Peer 1: 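Shown below is the structure under consideration.
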Amino acid sequence: MVTSLLKVSYNKKIIELVKGDITLLEADAIVNAANKWLKHGGGVAAAIVRRGGEIIQKESNKIIAEYGPLDVGDAVETTAGMLKAKSVIHTVGPVYGEGEEKIKLWRATTSSLKLADDKGYRSIAFPAISTGVYGVPPELAAEAMIEATLKFLDTAKNIERVIFCLFENRVYSAYEKKIKNLLKEGVVEHYKD
Ligand code: ADP
């Protein structure tokens with residue numbers, strides 16, 4: 001089950017926080033917190049292949065065979081297989097401790113948004129990149145990902161809804177805190193139907 005818990009508007013666009021499994025979402029694109037080799041062995045990546053099918057891993061392997069390993073901050077697209085989403089965008093976040101984590105998370109978020117926007121997608125769902133095995137504190141990820149999203153939405157052509165799908169309570173709390181601060185500062189507003 002996926003529960004929508006907080007919805008705000010920014011620049012006529014919607015930012016939404018939901019709790020649950022990203023593989024169940026119906027957004028045009030869902031983002032995978034991948035590694036440089038697109039080996040979807042654990043965490044959210046494994047969940048995406050499990051539900052979407054091996055086709056996602058096969059297409060990933062083709063990308064790596066053709067272009068070599070990705071850089072941190074890159075984003076590439078594969079089919080979504082049997083998922084409800086139309087597309088999976090794979091991006092690589094930083095490992096905590098390697099340095100410049102915030103800038104790298106900013107880049108991973110922006111390149112995913114740009115890829116989706118260029119494809120004409122209107123909605124995109126992100127997991128909390130790098131906050132699992134890669135060990136980045138959720139507060140840092142929330143700051144980088146949400147700030148990058150606001151900046152991108154200033155000039156987005158097609159994206160009108162960005163969903164952050166958080167799996168763990170501690171991670172959800174960090175994203176909620178960041179959005180609540182933005183509400184307090186008047187940067188975003190509560191969404192009204
Ligand atoms: P990374 O290697 O980038 O840290 P992980 O997949 O280990 O990637 O974790 C990234 C985040 O995704 C973590 O907050 C983890 O709790 C979360 N996560 C794991 N499975 C799912 C899922 N099915 N849907 C959404 N988020 C998930």
Side-chain angles (χ1 to χ4, degrees), residues 1-6 15-54 56-57 60 64 69-76 78 80-113 115-116 123-146 148-149 161-179:
M1 204 177 71
V2 183
T3 321
S4 171
L5 293 165
L6 186 56
I15 299 173
E16 200 172 340
L17 297 191
V18 306
K19 216 183 252 185
D21 181 351
I22 198 167
T23 65
L24 300 173
L25 286 184
E26 253 175 78
D28 288 335
I30 64 167
V31 177
N32 178 23
N35 55 42
K36 292 179 178 180
W37 303 275
L38 300 180
K39 291 275 172 240
H40 310 308
V44 68
I48 287 172
V49 173
R50 216 178 300 126
R51 197 179 298 273
E54 269 305 311
I56 298 172
Q57 184 61 69
S60 298
I64 297 299
L70 273 60
D71 284 327
V72 177
D74 285 351
V76 296
T78 65
M82 292 175 289
L83 298 176
K84 286 181 187 157
K86 289 183 196 153
S87 144
V88 178
I89 293 174
H90 306 265
T91 192
V92 183
V95 177
Y96 191 53
E98 71 179 40
E100 300 192 316
E101 290 88 350
K102 187 170 178 187
I103 296 172
K104 289 172 178 170
L105 275 167
W106 180 294
R107 257 190 238 135
T109 306
T110 305
S111 50
S112 303
L113 287 165
L115 205 167
S123 57
I124 180 170
F126 282 95
I129 301 167
S130 290
T131 63
V133 174
Y134 280 5
V136 169
E139 294 73 22
L140 180 60
E143 241 184 72
M145 292 187 71
I146 292 171
T149 297
R161 182 163 167 241
V162 180
I163 302 150
F164 292 97
C165 182
L166 298 325
F167 202 57
E168 298 169 65
N169 288 333
R170 67 175 185 103
V171 179
Y172 180 86
S173 300
Y175 281 69
E176 179 186 49
K177 196 169 161 203
K178 175 70 183 169
I179 294 285

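Computation of the quantities below employed the complete heavy-atom set of this structure, encompassing side-chain atoms and omitting hydrogens, waters and symmetry-equivalent molecules. Only a predicted model underlies this, so the values are computations on that prediction, with no experimental measurement involved. Just so you know, ligand 1 is whichever comes first in the structure, and atom 1 is the first atom listed for that ligand.
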Peer 1: Any N or O of Ile22 that comes nearer than 3.5 Å to an N or O of ligand 1?
Peer 2: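 Yes, since at least one N or O of Ile22 sits under 3.5 Å from an N or O of ligand 1.
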Peer 1: Is there any N or O on Asp21 that sits under 3.5 Å from an N or O of ligand 1?
Peer 2: yes
Peer 1: What protein heavy atom lies closest to atom 7 (O) of ligand 1? Include the residue and the distance to one decimal.
Peer 2: Val133 N, 2.9 Å
Peer 1: Considering non-hydrogen atoms of the protein only, which is the closest contact for atom 4 (O) of ligand 1, and what is the distance?
Peer 2: Gly132 N, 2.8 Å
Peer 1: N/O to N/O below 3.5 Å, does that happen between Phe167 and ligand 1?
Peer 2: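 Between Phe167 and ligand 1, no N or O pair is found under 3.5 Å apart.
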Peer 1: Taking the side chain as C-beta and beyond, is there a heavy-atom pair between Asp28 and Ser87 under 4.5 Å?
Peer 2: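 When only atoms from C-beta onward are counted, Ser87 and Asp28 do not touch, as no gap falls below 4.5 Å.
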Peer 1: Could you tell me which non-hydrogen atom of Leu17 sits nearest to which non-hydrogen atom of Tyr172, and how far apart they are?
Peer 2: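 Closest heavy-atom pair between Leu17 and Tyr172: CB-CE1, 3.7 Å.
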Peer 1: Return a table of donor-acceptor pairs under 3.5 angstrom between the side chains of residues 89-97 and protein atoms on other chains or two or more places apart.
Peer 2:
| residue | atom | partner | partner atom | Å |
| --- | --- | --- | --- | --- |
| His90 | ND1 | Asn32 | ND2 | 3.0 |
| His90 | NE2 | Thr78 | OG1 | 2.9 |
| Thr91 | OG1 | Asp74 | O | 2.7 |
| Thr91 | OG1 | Ala108 | O | 3.4 |

Peer 1: Name the one of Glu16, Lys178, Met145, Glu176 that satisfies side chain to side chain contact (heavy atoms under 4.5 Å, CB included) with Phe164?
Peer 2: Met145
Peer 1: What is the closest protein heavy atom to atom 15 (C) of ligand 1, and at what distance does it sit?
Peer 2: Glu168 OE2, 3.5 Å
Peer 1: I'd like to know whether ligand 1 has Pro138 as a neighbour, heavy-atom separation below 4.0 Å.
Peer 2: no
Peer 1: Check each atom of ligand 1 against the heavy atoms of Ala47 and keep those under 4.0 Å away; list them by number with element.
Peer 2: 23 (N)
Peer 1: Could you tell me which residues satisfy side chain to side chain donor-acceptor pair (under 3.5 Å) with Glu101, sequence neighbours excluded, listed by chain and number?
Peer 2: none
Peer 1: I'd like to know if the side chain of Ser111 and the backbone of Gly73 have a donor-acceptor N/O pair within less than 3.5 Å.
Peer 2: yes
Peer 1: Of all the non-hydrogen atoms in the protein, which one sits nearest to atom 3 (O) of ligand 1, and at what distance?
Peer 2: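 Closest protein heavy atom to atom 3 (O) of ligand 1: Ser130 N, 2.9 Å.
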Peer 1: For the OG1 atom of Thr149 and the CH2 atom of Trp106, what is their distance to the nearest 0.5 Å?
Peer 2: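 If I round to the nearest 0.5 Å, the distance is 9.0 Å.
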Peer 1: Under 4.5 Å between any side-chain heavy atoms of Ile129 and Tyr134, yes or no?
Peer 2: no
Peer 1: Calculate, to the nearest 0.5 Å, the distance between atoms CD1 and CG belonging to Ile48 and Leu83 respectively.
Peer 2: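 Nearest 0.5 Å value for the CD1-CG distance: 7.0 Å.
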Peer 1: Check each atom of ligand 1 against the heavy atoms of Gly20 and keep those under 4.0 Å away; list them by number with element.
Peer 2: 24 (N), 25 (C)
Peer 1: Checking the side chain of Gln57 only, and the main-chain atoms of His40 only, is there a donor and an acceptor separated by less than 3.5 Å?
Peer 2: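 Yes; judged by distance alone, with no hydrogens or angles, the pair exists.
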Peer 1: Tell me, which protein residue and heavy-atom name are nearest atom 13 (C) of ligand 1, and how many Å apart are they?
Peer 2: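 Here the nearest protein heavy atom works out to Thr131 OG1, 3.3 Å.
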Peer 1: Please report whether ligand 1 has a polar contact with Pro127, defined as an N or O pair separated by less than 3.5 Å (distance criterion only).
Peer 2: no
Peer 1: If you measure every N/O of Val171 against every N/O of ligand 1, is any gap under 3.5 Å?
Peer 2: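 Between Val171 and ligand 1, no N or O pair is found under 3.5 Å apart.
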Peer 1: Can you list the atoms of ligand 1 that are under 4.0 Å from a heavy atom of Ala33?
Peer 2: 3 (O), 8 (O)
Peer 1: In the protein, what heavy atom is nearest to atom 6 (O) of ligand 1, and what distance, to one decimal place, separates them?
Peer 2: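 Among all protein heavy atoms, the one nearest atom 6 (O) of ligand 1 is Val44 N, 2.9 Å.
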Peer 1: Out of Gly43, Ala125, Ala128, Gly41, who is nearest to atom 10 (C) of ligand 1 when you count heavy atoms only?
Peer 2: Ala128
Peer 1: Can Gly93 be said to touch ligand 1, with heavy atoms closer than 4.0 Å?
Peer 2: no
Peer 1: For the NZ atom of Lys19 and the CG atom of Leu5, what is their distance to the nearest 0.5 Å?
Peer 2: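 The NZ atom of Lys19 sits 6.0 Å away from the CG atom of Leu5.
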